[in-house]
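The figures here come from the full heavy-atom set of this structure, side chains too, leaving out hydrogens, waters and symmetry mates. Please read these numbers as outputs of a predicted model, since none were measured by experiment. Lettering follows sequence order; numbering is per chain, from 1.
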2 protein chains.
Amino acid sequence: MCYSLDEDLRVMQVAIDEAKRSMSEGGIPIGAALVRDGVIIAKGHNRRVQDNDPLMHAEIDCIRNGGRIGRYGDTVLYSTLMPCYLCAGAVVQFGIPKVVVGESVNFAGAEAFLREKGIAVVNLCLDELIQMMTEYITAHPDIWNEDIGTL
Amino acid sequence: MCYSLDEDLRVMQVAIDEAKRSMSEGGIPIGAALVRDGVIIAKGHNRRVQDNDPLMHAEIDCIRNGGRIGRYGDTVLYSTLMPCYLCAGAVVQFGIPKVVVGESVNFAGAEAFLREKGIAVVNLCLDELIQMMTEYITAHPDIWNEDIGTL
């Protein structure tokens, strides 16, 4: 299948909706979606605040929601924000070959690590997401720093 | 506090008990414990089979069970097996400075990545654990390969 920006934006919108759902629940606005063969098989969002769960980053919640699919070689993970080492580690360990992210202005994450491991990284650099995350971090610096382990 | 092998073996026994509990539940026998200031604040075990959860590695379950403790700079993570990239990613992201493992014969894991990131890695090389994991992998190769993403 040729690369399709329209397709990436369509799936990213699902991740964005997850991020907004998290914010409406009082949580950190980061969302994710997992795609296999063009079909969205799972979605999720950060649940640190909602579940008091320090490891429930959006990408982790999403991959969990996908269940035990066994092989990830034909999947693509979408996230509204560049993955951190935890989530990048999941990508590398389970062999997800490609990650599409909404932005990395607010968090550089583990992009270099992903690329070193041969993972394709596409950054959509979406102004809407840069603004949403900047506003959240400015309003909730403690929760944000807790989420990325820099308290 | 000076380094104490007795202390490491005492805590590792808690992780071993978790691994055995997992096996008694029909799951993968990997256990973990999290220590802060000499006190075990959390323990956990692999729950892939029990919960049908692809991301619930022992170390992830353990750190989750510790709750939102905020800072990890004074913690040590114990695991019966060398952590994979997912679990090593959690260690790196949250700044856990030291990992004590029971063995790495059955799984080399992400030891090099941990060391590159400045994490101290102590390997107790316990025959009991090498044997337990070898027997499990021999008896359940599909579940094991699923757990490390090599199906």
Same cluster or not: are A:Ile40 and A:Leu5 linked, directly or through other Ile, Leu, Val, Met, Phe, Trp or Tyr residues, by side-chain heavy atoms under 4.5 angstrom apart?
-> yes
In terms of hydrophobic clusters joined by side-chain contacts under 4.5 Å, are A:Val76 and A:Val39 together?
-> no
Which of residues 49-70 of chain B get closer than 4.5 angstrom to chain A, counting heavy atoms alone?
-> B:Val49, B:Asn52, B:Asp53, B:Pro54, B:Leu55, B:Met56, B:His57, B:Ile60, B:Ile63, B:Arg64, B:Gly67, B:Arg68, B:Gly70
same_hphob_cluster(A:Val14, A:Ile16) at 4.5 Å side-chain heavy-atom cutoff | yes
Would a hydrophobic clustering, with Ile, Leu, Val, Met, Phe, Trp and Tyr connected at side-chain separations under 4.5 Å, put B:Ile41 with B:Val11?
-> no
Those residues of residues 136-151 of chain A, ordered by number, that approach chain B below 4.5 Å (heavy atom to heavy atom) | A:Glu146, A:Asp147, A:Ile148, A:Gly149, A:Leu151
Cluster check B:Leu126, B:Val122: I/L/V/M/F/W/Y, side chain < 4.5 angstrom = yes
What residues of residues 78-101 of chain A sit under 4.5 Å from chain B when you count only heavy atoms?
-> A:Cys84, A:Tyr85, A:Leu86, A:Gly89, A:Ala90, A:Val92, A:Gln93, A:Phe94
Looking only at heavy atoms, which of residues 109-121 of chain B get nearer than 4.5 Å to chain A?
-> B:Phe113, B:Lys117
